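Have a look at the structure below before the remarks.
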Amino acid sequence: MKRIGIMGGSFDPIHYGHLAAASQAAFSLGLDRVVFAPTNFSLNKRPKAGARDRCAMAAMATAPDPRFSVSQVDVERGGPTFAFDTVSDLSAILGPCELFFITGMDALAGMEGWKNWEDLLSMAKFVGATRPGCSTRLPEKLEGRAIVLPVPSLAISSTEIRRRVGRGEPIDYLTAPSVCRFIRFRGLYGAEFVHRVN
Ligand code: NAP
């Protein structure tokens with residue numbers, strides 16, 4: 001049976017930390033492929049960039065790696081994104097396989113409040129990617145039921161990239177060159193609009 005990772009997140013924007021986390025998960029968990037699933041939006045917060053722009057950036061950044069792909073199931077469904085719907089829909093699309101839902105450890109910390117969270121644990125294995133300096137402890141109810149995945153490169157964060165763009169600072173080498181150009185071309189996160197891309 002194939003082992004497939006689902007990278008859940010808002011990817012606002014996607015960066016090398018996400019790609020390193022997916023690659024580390026593929027190696028550590030023996031995954032055949034990893035599907036990035038950008039949220040439409042989460043109930044408690046709205047991403048700064050639109051869903052189509054975030055999907056486009058995820059597609060550009062993942063394109064060079066044949067193990068990676070992007071699914072728009074959450075965006076096409078519309079409304080707030082619940083991991084239960086992401087896993088249900090991708091499970092139906094992918095057919096019989098073993099699923100691993102990978103997201104940030106801080107997002108996973110709130111999993112006990114997620115829709116049908118106990119059912120979710122039987123539908124996929126949950127993986128919390130940790131950043132340097134952040135907690136590696138799972139919430140009590142998830143102990144022994146989810147996997148902690150340390151990822152040193154997750155020191156990069158989408159929040160810091162958005163801040164740097166807003167201050168006019170460079171983001172080269174934090175994310176893919178195509179994503180840097182797209183952010184400038186679309187004027188995302190307060191970037192100065194640049195018509196000609198290099
Ligand atoms: P988010 O803003 O995308 O991420 C929260 C934190 O986790 C940030 O520190 C983020 O770092 C990190 N992160 C996010 N995705 C990651 C990934 N795939 N690998 C490594 N680190 C990652 O949070 P969100 O929009 O709330 O959602 C995260 C995931 O949890 C989504 O798949 C969402 O559907 C799910 N979720 C589900 C429910 C529910 O079902 N009720 C509720 C909340 C969240 P960066 O900012 O650097 O990306």
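Every number for a ligand or one of its atoms is a count from 1 in the order of the listing. What you see is a predicted model, and the numbers here were worked out from it, not measured in a lab.
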Protein residue, atom and distance nearest to atom 2 (O) of ligand 1, heavy-atom basis: Lys45 NZ, 2.9 Å
Taking every non-hydrogen atom, the tightest pair across Arg54 and Asp12: CD-OD1, 3.6 Å
Polar contact flag for Ala129 and ligand 1 (N/O pairs, less than 3.5 Å): no
Test of proximity, Gly9 against ligand 1: N or O pairs below 3.5 Å: yes
Lys/Arg N to Asp/Glu carboxylate O, Lys141 vs Glu118, below 4.0 Å: no
Geometric N/O contact Ser10 with ligand 1, under 3.5 angstrom: yes
Backbone or side-chain N or O of Ser158 under 3.5 Å from ligand 1 N or O: yes
Atoms of ligand 1, numbered as shown, that sit under 4.0 Å from any heavy atom of Thr81: 34 (O)
Within-cut-off N or O pair, Arg131 and ligand 1, under 3.5 Å: yes
Basic-acidic side-chain contact under 4.0 Å: Arg163, Glu169: no
Ligand 1 to Thr159 polar contact by distance, N or O atoms, under 3.5 Å: no
More than 12 heavy atoms from other groups under 6.0 Å of CZ on Arg67: yes
Under 4.0 Å to a heavy atom of Met7 - the qualifying atoms of ligand 1, by number: 17 (C), 18 (N), 19 (N)
Residue His18 vicinity, atoms of ligand 1 by number, heavy atom under 4.0 Å: 45 (P), 47 (O), 48 (O)
Ligand 1 contact by Phe11, heavy-atom criterion under 4.0 angstrom: yes
Check: Met105 N/O within less than 3.5 Å of ligand 1 N/O: no
Per-atom contacts of ligand 1 with Ser157, taking only distances under 4.0 Å to non-hydrogen atoms: 47 (O)
Thr39 neighbourhood, listing ligand 1 atoms whose heavy-atom distance to it stays under 4.0 Å: 31 (C), 33 (C), 34 (O)
Closest non-hydrogen atom pair between Phe182 and Ala56, with its separation: CZ-CB, 4.0 Å
For atom 43 (C) of ligand 1, closest protein heavy-atom neighbour: Trp114 NE1, 3.4 Å
Numbered atoms of ligand 1 (with element) below 4.0 Å of Ile102, judged on heavy atoms: 18 (N)
Min heavy-atom dist Asp106 to ligand 1 below 4.0 Å: yes
Lys115, NZ atom: more than 12 neighbouring heavy atoms under 6.0 Å: yes
Geometric N/O contact Ser42 with ligand 1, under 3.5 angstrom: yes
